[in-house]
**Q** 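Pasting a structure below so you can have a look.
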Amino acid sequence: MEYRRIKDQDKIGDPVNQDDLESLRGKPLLDVPPPYDKTKWKMKSIVTLALTFLTSSQAILIVWSKRAGRYEYSVTTANFLVEALKCALSLVALTRIWRTEGVTDDNRLSTTVDEVSVYPIPAALYLVKNLLQYYIFAYVDAPGYQILKNLNIISTGVLYRIILKKKLSEIQWAAFVLLCAGCTTAQLNPSSDHVLQTPFLGWMMAIIMALLSGFAGVYTEAIIKKRPSRNINVQNFWLYVFGMVFNIIAIFVQDFDAAMNKGFFHGYSPITVLMIINHALSGIAVSMVMKYADNIVKVYSTSVAMLLTAVVSVFLFNFHLSLAFFLGSTVVSVSIYLHSIGKLQR
């Protein structure tokens, strides 16, 4: 009889306290998972894979486009075509929106002088940053570039604090320290008298590029958030238009004789065309990731891209995966992850 009574209690379960039921009324059920959205998950997966592939192949294509250690094409013309392609892609996206949703105040291209006057500043900063991106490869290889590229996280975090008045968590500051340590470790050169593989001028170019990238990114975010309802493709369009204008000026200043005598597309190869397409799609992919995914996805993409670049460089450029580079890239990946976690916990 005692055994049957215990079995009956197991089937019925413990009685629910009425006071507990009353206390739960009106409160959200936090443990209930959100409904599964197959379409959103598919789009997030596509843009994540696209960003990872584009980021990892970006540095490889730049190095691969060189002939005998130098660029046979004009980097200013290539940079101009990147901006022109991004501008064209933004127009294509806007055309689809106009067909489906119609023309509204938020997605029309017509604008005011006050609104459009803020775009020349980030466009000029991106011009210098993008040109430095080509010249830095005289001092670093593709995997080293991917490591040093993460220095823009530090500049972005500091400028966030100064310009946008956003506080950084203790975890984020710790991530900055780890990032510096990881970048330095990855550049250690045990087989030479030089402590670091990258020369001093290469480090200076990387730091300047990181500062320009961070300032341009923070400034652009401030512009975009000033009018949140404004369509992102319209804002991108005007940014890329000024980017084209500044690159035309750079062509006249730096490569006018070569462009006039040898032609605008002199020295171009299929790899150069792929590199231009890659740069343009990378810029579009970042904005799509922020729309369909989040910062965590971007963080993982950056970390995976570093490792993919290193692995591919082993086969293409005879890059040697040293223990210092492996440890440094691991520390950098951890620091990027901690930075994203710290951002969520602020």
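Side chains are part of it too, since the values below use all heavy atoms of this structure and drop only hydrogens, waters and symmetry mates. Counting from 1, the numbers follow the sequence of the chain as shown.
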**Q** Do you know the tightest heavy-atom contact between Ser110 and Arg230?
**A**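 So the minimum-distance heavy-atom pair works out to O-NH2, 3.4 Å.
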**Q** Whether the side chain of Asn107 engages the backbone of Gly102 through a donor-acceptor N/O pair (distance < 3.5 Å, no angle test) should be reported.
**A**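 Present.
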**Q** If only side-chain N and O atoms count, and only distance matters, is there a donor-acceptor pair under 3.5 Å linking Asp106 with Asn231?
**A** no
**Q** Within the side chain of Ser117, is there an N or O that forms a donor-acceptor pair under 3.5 Å with the backbone of Val113?
**A**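 Checked: pair present.
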**Q** Answer yes if the side chains of Asn233 and Ser90 hold a donor-acceptor pair under 3.5 Å, and no otherwise.
**A** no
**Q** Is it the case that the side chain of Tyr268 and the backbone of Glu72 share a donor-acceptor pair, with hydrogens and angles ignored and the cut-off at 3.5 Å?
**A**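 Pair absent, no side-chain N/O of Tyr268 close to backbone of Glu72.
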**Q** Do Gln133 and Gln58 have side chains that get closer than 4.5 Å, going by heavy atoms?
**A**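 Yes, side chains in contact.
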**Q** Would you say the side-chain atoms of His266 pair up with the backbone N or O of Gly263, donor to acceptor, closer than 3.5 Å?
**A** yes
**Q** Let me confirm one number: the CG-CD1 distance from Leu212 to Ile208, rounded to the nearest 0.5 Å.
**A**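 Separation between the atoms: 7.5 Å.
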**Q** Do you know which two heavy atoms are closest between Leu239 and Thr220, and how far apart they sit?
**A**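 Nearest heavy atoms, Leu239 then Thr220: CD2-CG2, 4.4 Å.
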**Q** Do the side chains of Leu94 and Val92 join up, straight or via other hydrophobic residues, at under 4.5 Å, putting them in one cluster?
**A**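 Per the 4.5 Å side-chain linkage, Leu94 and Val92 are not co-clustered.
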**Q** Using a 4.5 Å cut-off on heavy atoms from C-beta on, say whether the side chain of Val218 contacts that of Phe215.
**A** no
**Q** With a 6.0 Å cut-off (strictly less than), is the heavy-atom count around OH of Tyr219, excluding the residue itself, greater than 12?
**A** yes
**Q** Could you check if a side-chain atom of Leu127 sits within less than 4.5 angstrom of a side-chain atom of Leu131, using non-hydrogen atoms only?
**A**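 In short, these two side chains touch, coming nearer than 4.5 Å.
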**Q** Are Thr272 and Phe265 side-chain neighbours, meaning at least one heavy-atom pair lies under 4.5 Å?
**A**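 Of all side-chain heavy-atom pairs linking Phe265 with Thr272, none is under 4.5 Å.
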**Q** Checking Asp105 now: which residues fulfil salt bridge (charged side-chain N to carboxylate O under 4.0 Å, His left out) with it, not counting sequence neighbours?
**A** Arg108
**Q** Just do the side-chain contact (heavy atoms from CB on, under 4.5 Å) check on Leu327 and Val331 with the steps written out, would you?
**A** CA-CA 6 Å; Leu327 292 176; Val331 173; 5.5 Å; no
**Q** Aromatic rings Phe80 and Phe264: how do their planes relate, parallel, tilted or perpendicular, breaks at 30° and 60°?
**A** perpendicular
**Q** What distance separates Leu211 CG from Leu132 CG, expressed to the nearest 0.5 Å?
**A** 11.0 Å
**Q** How many angstroms lie between CG in Asn247 and CG in Leu81, if you round to the nearest 0.5 Å?
**A**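 The distance works out to 9.0 Å.
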**Q** To the nearest 0.5 Å, how far apart are CZ in Phe237 and CG in Leu91?
**A** 5.0 Å
**Q** Any side-chain heavy atom of Ile277 within less than 4.5 Å of one from Leu281?
**A** yes
**Q** May I ask you to decide if the ring planes of Phe242 and Tyr119 are parallel, tilted or perpendicular, using 30° and 60° as cut-offs?
**A** parallel
**Q** Quick check: is Val103 connected to Val234 through a chain of hydrophobic side chains (ILVMFWY, heavy atoms under 4.5 Å apart)?
**A**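 Linked, Val234 and Val103 end up in one cluster.
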**Q** Report yes or no: do Tyr134 and Met204 belong to one cluster of Ile/Leu/Val/Met/Phe/Trp/Tyr joined by side chain heavy-atom distances under 4.5 Å?
**A** no
**Q** Has the side chain of Trp98 got a donor or acceptor atom that lies under 3.5 Å from a matching backbone atom of Ala93?
**A** no
**Q** If we only count heavy atoms from C-beta on, is the Tyr139 to Phe200 side-chain gap below 4.5 Å?
**A**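 Side chain of Tyr139 against side chain of Phe200, heavy atoms only: no contact under 4.5 Å found.
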**Q** If only atom types and distance count, is the side chain of Thr100 paired as donor or acceptor with the main-chain N or O of Ile97 below 3.5 Å?
**A**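 Present.
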**Q** Output yes when a side-chain donor or acceptor of Asn261 lies under 3.5 Å from a complementary backbone atom of Ala258, and no otherwise.
**A**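 Not a single qualifying donor-acceptor pair exists.
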**Q** Please enumerate all residues that pass ring pair (Phe, Tyr, Trp, His ring centres under 6.0 Å) together with Phe326, with sequence neighbours excluded.
**A** none
**Q** Are a donor atom and an acceptor atom from the side chains of Tyr73 and Ser269 found within less than 3.5 Å of each other?
**A** no
**Q** Show, in sequence, the C-alpha distance, side-chain angles and deciding distance for Ile251 and Phe256, and conclude whether the side-chain contact (heavy atoms from CB on, under 4.5 Å) test is met.
**A** CA-CA 6 Å; Ile251 293 173; Phe256 179 76; 5.7 Å; no
**Q** Applying a strict under-4.5 Å side-chain criterion to I, L, V, M, F, W and Y, I'd like to know whether Tyr71 and Val253 cluster together.
**A**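 Yes, Tyr71 and Val253 fall within the same hydrophobic cluster.
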**Q** Run the side chain to side chain donor-acceptor pair (under 3.5 Å) test against Tyr126 and tell me which residues pass, sequence neighbours left out.
**A**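 Side chain to side chain donor-acceptor pair (under 3.5 Å) list for Tyr126, sorted by chain: empty.
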**Q** Mind listing the closest non-hydrogen atom pair of Leu178 and Ser335 along with its distance?
**A**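 For Leu178 versus Ser335, the nearest heavy atoms are CB-CB, 3.7 Å.
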**Q** Which value, rounded to the nearest 0.5 Å, describes the distance between His279 atom NE2 and Ile276 atom CD1?
**A** 9.0 Å
**Q** Just wondering, do Trp64 and Leu274 contact through their side chains at under 4.5 Å, heavy atoms?
**A** no
**Q** So which atom in Ala123 and which in Gly243 form the shortest heavy-atom distance, rounded to 0.1 Å?
**A** CB-N, 3.7 Å
**Q** Is there a side-chain contact between Ile136 and Met209 in this structure, where contact means two heavy atoms from C-beta onward sitting under 4.5 Å apart?
**A** yes
**Q** Provide the closest heavy-atom pair for Leu61 versus Asn278 in the form atom of the first, atom of the second, distance.
**A**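 Scanning both residues, the minimum pair turns out to be CD1-CB, 3.7 Å.
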**Q** Starting at CD1 of Ile223, measure out to CZ of Arg227 and round the result to the nearest 0.5 Å.
**A** 13.5 Å
**Q** Over all heavy atoms of both residues, which pair between Cys87 and Met244 is shortest? Give the atoms and the distance, please.
**A** CB-SD, 4.0 Å
